[in-house]
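Accompanying notes for the structure given below.
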Amino acid sequence: MNRMKSLHQEGRKEQKRYLGDDQWRKARNLRALLGVLAQTGREGVLEQRRWLRLRMDGEELTEQETALYDRQIRVWGVDAQRRLSKSHILVSGMKGTAVEFCKNIVLAGIGSLTLMDDRMVTEEALSANFLIPPDENMFSERSLAELCCDSLREFNPMVRVSVEKGDLSTFDGDFYDKFDVVVVSCCSLRTKKLINEKCRKRSKRVAFYTVDCRDSCGEIFVDLQNYTYSQKKLVDTIEQQLQYPSFEEAVAVPWRALPRKVAKLYFAMRVIERFEQTEERNPGETSVADLPSVLKLRKELCETQSLNESHIPDGLLERLLAGRREFPPVCAIIGGILGQEVIKAISGKGDPLKNFFFFDAFDGKGIIEDISNPDTGS
Amino acid sequence: MDAEQQLQAIKQAKVLMVGAGGIGCELLKTLALSSFQDIHIIDMDTIEVSNLNRQFLFRQSHVGQSKAKVARDAVLRFKPHINITAHHANVKDPEFNVDFYKQFNIVLSGLDNLDARRHVNRLCLAADIPLVESGTTGFLGQVTVHMKGKTECYECQPKPTPKTYPVCTITSTPSKDQFEGGGGGVSLPLARNFSLPLARNLLTGTISLSCLVHPCLSFSHLCTPVLGCFILFVHCIVWAKDLLFSKLFGDKDQENDLNVCSNNATSSSEHAEDVFKHILDEDIEQYGRRIYDHVFGYNIEVALANEEAWKNRNRPKPTYSSDILPDKLIQQIGNLDNGATDDPSSVSAMGSLGLKNPRDIWNLEENTRIFLEALKLFFGKREKEIGNLTFDKDDQLAVEFVTAAANIRAASFGIPLHSLFEAKGIAGNIVHAVATTNAIIAGLIVIEAIKVLLCDTNSYRMTYCLQHPSRKMLLMPVEPFEPNKSCYVCSETPLSLQVNTHRSTLRDFVEKIVKGKLRMDFPLIMHGSALLYEVGDDLEEDMAANYAANLHKVLSELPSPVTSGTVLTVEDLQQELSCNINIKHREEFDEENEPDGMLLFGWTQAPPMNMDNSLPV
Ligand SMILES: [Zn+2]
């Protein structure tokens, strides 16, 4: 037994010498996390065993790391965890909902998270953001994204969290290649379309999501392009294919072509979105004073689309216009649903939603709507 | 509603949060962001390493500290000017009495066990404070508003429920200590065997085991004492899969509580350490039998040694392989050699044993054979993978092993056995993203809490967070159920008890009915003004002696005789619960169907639900 032990110690020292302390530890953690399962053959098995023994003897793999590794492998399965830990996610617009989402995926153990939001901290930004302590000294010269980044890093040391400066919609297509998932929040209709198109033009799939909360309402849009996954039934597995429209395609689907009971929130959000675009407002820069103009726009849109105006109630529009501040419970709900969706899409496990999700705290319903061209499905 | 009015209601509210775990962390954060100013938290737990990657308010440096206190400090960092009071204590402590509850406008619960939930329900009813109850399992979650007289209470009867349904609590072994161990010399065999940390994680959502929710078996209500065999069997699966399977075939290095139950016996820990090691050149069947005897025999014996724990429960039966299969397995099984070219991933113990139909329920002997054979096949054909296996429901041999192990355990505990098909469905339904469900549920709790504070009674909803959309909905609100008029907890309807008053003792009544069914911890039993029995620390010696003597007497021979027509009053002072029981004498009871020798009416145990996709809208 002692001889075995000293052999292991020898092996460990050797590895350490070869890789250098830091590299060595990283390699070990990574292996631990991924389960060292990819290796095959006799050599591979011997190697695995050696690593496992090393881990047992090793004092540098902390209990915390072991616990992280253990739970994630147990909960997600090795394969899903491997995919998650290799995934790179970009989030633009750090308001409350995006912050909730970031917390969820960092806890889940993605590979890296890149944050974009150059705005400075305002009282409004703080109100639904639990990542930023209200210590005014810290705010000087630091953007929202930078402040959020600091806190998110603490949540899970295994996830690389970083900040990218600039305006995402002006970035070259190459930039998007670095990511598997792009989430944009609080940006204009034009920007949404633009970023979505850039994601679609990449040779690999870059999943695109938008998320917005206004008052006590929230909306998620999903574009997974062509998505194939195995749908698990109790006994067997079926190959499922989904064709997603882009944001532009989806919102261009004629309203009269939509099924009768589409969530009112869908229409209301389109009206507001359109209003902000025509008036060149920043997203969310609205107030109840805008209601008359918005009602006028609603009338126009409903007429051209042959939709009865009662599908877009005044009260709902009024709430959306007035609700500049996010409602934290809704941020938690929408950020949670979005987290689950992104995790599904990365891990390839579970039925992803297609392609809109709405939540309104008034009726408490969380509804999935498929807004796509009925002929092509996209 | 007016935004200003809403904000005022929130700012003036005093909120009690019970539980600072998975839901609790999310809830406290969302409450603080939503401008709540005065929050009390009760949680007796301390932070464990395994909490860290889900319960986001906690860090490595907090391990061992009070959850309630660390959660408070973490939230105060981003919301410094609100009042959060942390109670690092058991919610069942007597200090949290009706008067304590009465200072709050609302109670929000993110508890992890049934017993504490019942307790909180009873106190909220007694104090007439609205309660928002919640629970999550994997992708599934539920939020319910309980308001005395307006909506059902937590213990009203179960009702038909959606196909997939959140059951947030382990209920098979309702012991008040079930989740409160975590050290000391006290052994809680059953709870320990089901793994204390595992159980707790399951309930707080730090580990996803939605195997609790089986998609093809709709069953009972989150809020009711679900004691169906199905759930009990789920525990056997969890044990077989997460403890035994991973101990034998998984990463040897990981935390595993399979043996914790024996840690009170000093000599046994060594016994436990070595038993799972496969000794070089040891016959695999010999090895398999050693494991078998250890986990199904020895461990159960150790558990049984603690008499206290079995007072209220059926005692499990230790099972030894030689009793089931006296002889070494004959070599119809041992076709290890002739199949050397077989694809190792397709080996099957069912195949070797000629068992074909996965829907058959194997008997104990068949399960024992499968157990030993599957172990043999793992060591014979898939040795390379041992040490690295994680349970995969598409791995036939793994499913066979887990099914057999779960069934053998079930047999020891007197729980009905299940087929491989059923076991696979339960064991394989692993979902992820538990942290996200907790966040969603916390958001829903706050939305309901605000409605309660605004007295917006008509818009209260019970909301389900579903895994698969139902009518396009992932979050599905339904109208709250009305109170059950005959609920013994929230209504004054008397219960009735059929009992042989000449044969059953007061102890039988206390154990089987008062504690076993009504779930009272500190009961007081009165016949008119005569006190028959009472539990408490502060009893006078002579009274205590009287009560002890009463326990041994049959009902009709008590100092104040209990006969047909007697009305007994049973109270629990800590739970502030009181109910009347009409006694009816009955001579004979069927030993098999009525093993208690008494029958309680007006009290409902969750019946097994039929398969039903309909939703209660
Ligand atoms: Zn009730």
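Here is the naming used below: chain letters follow the sequence lines, and residue numbers restart at 1 for every chain.
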*asked:* If I measure from the heavy atoms of chain A, does B:Glu448 come under 4.5 Å with its side chain, its backbone, both, or neither?
replied: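 Contact with chain A involves no heavy atom of B:Glu448 at all.
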_Side chain, backbone, both or neither of B:Ser459 within contact of chain A (heavy atoms, under 4.5 Å)_ =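 Neither part.
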*Step by step, would you call B:Leu475 with A:Phe359 a side-chain contact (heavy atoms from CB on, under 4.5 Å)?*
CA-CA 8 Å; B:Leu475 302 176; A:Phe359 179 77; 3.6 Å; yes
Find the distance between [atom1] ([X]) and [atom2] ([Y]) and round it off to the nearest 0.5 Å.
X        : Y        : atom1 : atom2 : value
A:Ile337 : B:Cys465 : CD1   : SG    : 5.5 Å
B:Leu33  : A:Cys331 : CG    : SG    : 8.0 Å
B:Phe78  : A:Ile132 : CZ    : CD1   : 11.5 Å

Beyond-backbone contact of [X] with [Y], side-chain heavy atoms, under 4.5 angstrom:
X        : Y        : result
B:Gln60  : A:Glu154 : no
B:Ile450 : A:Phe327 : yes
B:Thr437 : A:Gln340 : yes

Least distance between heavy atoms, [X] atom then [Y] atom:
X        : Y        : result
A:Ala332 : B:Thr30  : CB-OG1, 4.0 Å
B:Ala439 : A:Asn104 : CB-OD1, 4.3 Å
B:Gly443 : A:Ile333 : C-CD1, 3.8 Å
B:Thr436 : A:Gly336 : CB-O, 3.5 Å

*asked:* Tell me which of these, B:Lys79, B:Arg77, B:Lys29, B:Arg461, has more heavy-atom pairs under 4.5 Å with chain A than the rest.
replied: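 Top option by heavy-atom pairs under 4.5 Å: B:Lys29.
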*Take A:Phe357 and B:Leu474 through the test side-chain contact (heavy atoms from CB on, under 4.5 Å) and record every step on the way to the result.*
CA-CA 9 Å; A:Phe357 177 81; B:Leu474 276 179; 4.0 Å; yes
Side chain, backbone, both or neither: which part of [X] has a non-hydrogen atom closer than 4.5 Å to chain B?
X        : answer
A:Asp215 : neither
A:Leu353 : side chain
A:Phe101 : neither

_I'd like to know whether B:Arg471 forms a side-chain contact (heavy atoms from CB on, under 4.5 Å) with A:Lys365, so could you lay out the CA-CA distance, the side-chain angles of the two residues, the decisive distance to 0.1 Å, and finally the verdict._
CA-CA 11 Å; B:Arg471 294 193 220 140; A:Lys365 288 180 186 163; over 6 Å; no
*Could you tell me if the ring centre of B:Phe56 sits under 6.0 Å from that of A:Phe130?*
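Yes, the ring of B:Phe56 comes within the 6.0 Å limit of the ring of A:Phe130, centre to centre.
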*Starting from the C-alpha separation in whole Å, work towards a yes-or-no answer on side-chain contact (heavy atoms from CB on, under 4.5 Å) for B:Lys472 and A:Phe358.*
CA-CA 10 Å; B:Lys472 301 198 295 188; A:Phe358 298 96; over 6 Å; no
